[in-house]
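Every number for a ligand or one of its atoms is a count from 1 in the order of the listing. Numbers here are sequence positions counted from 1. We use all heavy atoms of the structure for the numbers below, so side chains are in, but hydrogens, waters and symmetry mates are not.
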Amino acid sequence: MKIPSRRHARATNRARSSPRPMAAPAAADTDGPREAGPREAGPRAGDDDADFDVVILGAGPAGAAAAITLRRFTGLRVAIVERRLFDPFRPGETVSPALFPLIDYLGIARAGFEERHLQSYAHAAAWGGEQLVVRDFLFNGQGSGLHLDRMAFDSMLLEQAGKLGAVILQPAEPLAVTPGARWTISVRHGERRRALSAAYVIDCSGRNSVMVRQQQCPVLQTDRMVGVYAYYEAGDDQERVQRTLVETTADGWFYLAPLPGRRTAVAFMTDADTLRTLDLLDPEQWRRHALATQHIGALVRELPAPQAFRQYPIHSRVARLPANAAWTAAGDAAASFDPVSSLGIGHALSSGMHAGRVAHAHVEQGGGLGEGYRQSLLDHFQAYVATRRSLYANEQRWPGSGFWQRRLMDGRERSAA
Ligand SMILES: Cc1cc2nc3c(=O)[nH]c(=O)nc-3n(C[C@H](O)[C@H](O)[C@H](O)COP(=O)(O)OP(=O)(O)OC[C@H]3O[C@@H](n4cnc5c(N)ncnc54)[C@H](O)[C@@H]3O)c2cc1C
């Protein structure tokens, strides 16, 4: 897809007073994963060039995809502000082969990309019965999926954005995002405080959804699910699990996935109140709960003590984004999903690309794509809720369980952020 670049100079945006050349095509990405560290990548942003067409808050997959789309297909000036260095302990996402066309669109070489992650050949699930049902990627005609090394994945996307000319400030904490004829984004970057100016802002800050909250954008949230993860490092002599495994209990479901580098993630997904009642933030209680299961328990028994233990919010929600404002949101900031759907990374990339196009239309033509984007997010979320309900309805063994009953309801708990 090529975004037409029609320019209408406007006095409020001096960055657009002279046409800029289209960005060069993406170069193949052959470097290995980088150590995370403070950086200012892309063209150097001195005090004189703190003016941007688009500032993106958050450098996860959504933020990087938005930046790459803008730099690859338009001449707009883009900065990404990321408040953290990347954490080596991330959820351990599994993605289907449907992700690959998105990676191609972003101009990232497929071969180098796949090498950095672990092939995912099969899923096994005891969901609706004790027996494991195995789905093998071998027979789906699309090839295998991947267990992502998130640090490598995020670094690779960000590197591509930097190569294409996006200015990357990391770690840089946004202190205030102030509306006006243009946005002013005050950031603390290392020892310095800087004021960036932008015609348009894209919120890609994940579930933190900084702009969605600040702008009091209405949000539909359907549940209060949380996931508690234990990360293990297997010894060289230990056999590795080669597929993802899901197993339900009366109070939620366990998930086990191999990660690149001999690591394994095991998680329990439940509701926030059940987590507290069962005291599952206590690693010992969590382990007891895991050992009580048939399939997951057999594997956890063989694993060494976990290296890290993390809690994540995993509730589902969608923001009713404005159609014609000078900001939008993408990725988890716009809509987030139950991990059982494996939708998150693909949605982050595709909505990041879409938000990039919305931003481009706003900067160049004063709008035009915001309403379509907003509606597509709402439609996508509605379809997801229906699919999720039918998936959870397949588990009928605990009709009295609050967790399973709630999954069958639409569960509209609140409608404002
Ligand atoms: C437990 C769990 C399991 C999951 N499993 C899967 C799976 O198997 N498959 C799948 O496809 N998806 C899965 N997901 C979903 C997936 O992780 C997310 O959908 C995806 O990471 C969203 O990308 P994002 O770029 O929108 O947000 P994020 O990846 O969260 O990135 C947001 C970035 O914004 C930064 N940030 C936050 N606030 C600010 C601020 N104020 N200013 C600047 N920067 C800020 C953060 O530091 C972060 O780097 C899972 C999620 C969880 C929690």
Side-chain angles (χ1 to χ4, degrees), residues 36 55-67 79-87 89-99 102 117 120 123 145-148 150-151 153-155 157-158 161 168-177 185-189 196 201-214 225-231 244 246 252-259 265-270 310-317 319 329-353 355 377 384:
V55 165
I56 297 165
L57 302 175
I80 309 179
V81 179
E82 166 57 53
R83 70 174 179 176
R84 294 227 172 99
L85 300 176
F86 293 135
D87 179 353
F89 293 102
R90 307 288 281 276
E93 291 92 340
T94 306
V95 294
S96 81
L99 193 80
L102 302 177
H117 309 283
S120 166
H123 291 307
L146 293 175
H147 302 295
L148 290 184
R150 260 309 287 281
M151 200 158 141
F153 184 66
D154 287 7
S155 298
L157 289 170
L158 206 51
I168 300 160
L169 304 179
Q170 181 188 30
E173 179 81 30
L175 302 170
V177 183
I185 303 104
S186 310
V187 297
R188 183 172 35 232
H189 184 219
L196 311 180
V201 173
I202 308 180
D203 180 359
C204 295
S205 62
R207 286 171 184 265
N208 194 20
S209 53
V210 59
M211 290 291 287
V212 169
R213 286 187 293 117
Q214 189 209 67
M225 272 180 79
V226 287
V228 181
Y229 271 61
Y231 293 94
T244 55
V246 170
W253 49 276
F254 273 97
Y255 168 76
L256 181 147
L259 301 178
V266 185
F268 186 60
M269 320 294 186
T270 187
R310 299 273 159 95
Q311 181 190 349
Y312 303 95
I314 51 168
H315 53 260
S316 301
R317 48 167 224 167
D332 279 6
S336 56
F337 309 94
D338 185 327
V340 78
S341 68
S342 281
L343 282 175
I345 298 287
H347 162 75
L349 294 182
S350 58
S351 63
M353 295 166 188
L377 283 173
Y384 150 76

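Residue Thr94 has at least one N or O atom closer than 3.5 Å to an N or O atom of ligand 1. Remark: ligand 1 and Pro313 share no N or O pair separated by less than 3.5 Å (distance only, no angle test).
With respect to atom 4 (C) of ligand 1, the closest heavy atom belonging to the protein is Pro339 CB, 3.8 Å. Of the protein's non-hydrogen atoms, Glu82 OE1, 3.2 Å is the one closest to atom 35 (C) of ligand 1. With hydrogens left out, the protein atom closest to atom 38 (N) of ligand 1 is Asn208 ND2, 2.8 Å, a heavy atom. Closest to atom 16 (C) of ligand 1 among all protein heavy atoms lies Glu93 OE2, 3.6 Å. Closest to atom 18 (C) of ligand 1 among all protein heavy atoms lies Asp332 OD2, 3.4 Å. Ranking the protein heavy atoms by distance from atom 31 (O) of ligand 1 puts Gly60 CA, 3.5 Å first. Scanning the protein heavy atoms around atom 21 (O) of ligand 1, the nearest turns out to be Arg150 NH1, 2.9 Å. Nearest protein neighbour of atom 37 (C) of ligand 1, counting heavy atoms only, is Ser205 O, 3.3 Å.
Not one N or O on the side chain of Ser209 forms a donor-acceptor pair closer than 3.5 Å with the backbone of Asp203.
Set against the non-hydrogen atoms of Gly331, the atoms of ligand 1 under 4.0 Å away are 26 (O). Close contacts of ligand 1 with Ala348, meaning ligand atoms under 4.0 Å from a residue heavy atom, involve 22 (C), 23 (O). Heavy-atom contacts of Tyr229 reach the following atoms of ligand 1: 1 (C), 2 (C), 3 (C) (cutoff under 4.0 Å).
Under a 4.0 Å heavy-atom criterion, Ala62 is in contact with ligand 1.
To the nearest 0.5 Å, atoms CG (Leu85) and CG (Asp154) are separated by 12.5 Å. If you take CZ on Phe268 and CH2 on Trp253, they are separated by 10.0 Å, rounding to the nearest 0.5 Å. Distance check, rounded to the nearest 0.5 Å: CZ of Arg207 to CD1 of Ile314 gives 7.5 Å. Note that the NE2 atom of His189 and the CD atom of Gln170 stand 8.5 Å from one another [nearest 0.5 Å]. Atom OH of Tyr384 sits about 5.5 Å away from atom OG of Ser341, to the nearest 0.5 Å. Taken from CD in Glu93 to OG in Ser120, the straight-line distance is 12.5 Å, to the nearest 0.5 Å.
Residue Ile80 comes nearest to Gly63 through the heavy atom pair CD1-O, 4.3 Å, listed as atom of the first residue, atom of the second, then distance. His147 and Ala257 make their closest contact through ND1-CB, 4.4 Å (heavy atoms, listed as atom of the first residue, atom of the second, distance).
The backbone of Val81, and not its side chain, has at least one atom closer than 4.0 Å to an atom of ligand 1 (non-hydrogen atoms only; backbone = N, CA, C, O).
Between Tyr229 and Tyr255, the ring-plane angle classifies as tilted under the 30° and 60° cut-offs.
Here atom 32 (C) of ligand 1 lies nearest to Cys204 when heavy atoms of Gly58, Ala66, Pro61, Cys204 are compared.
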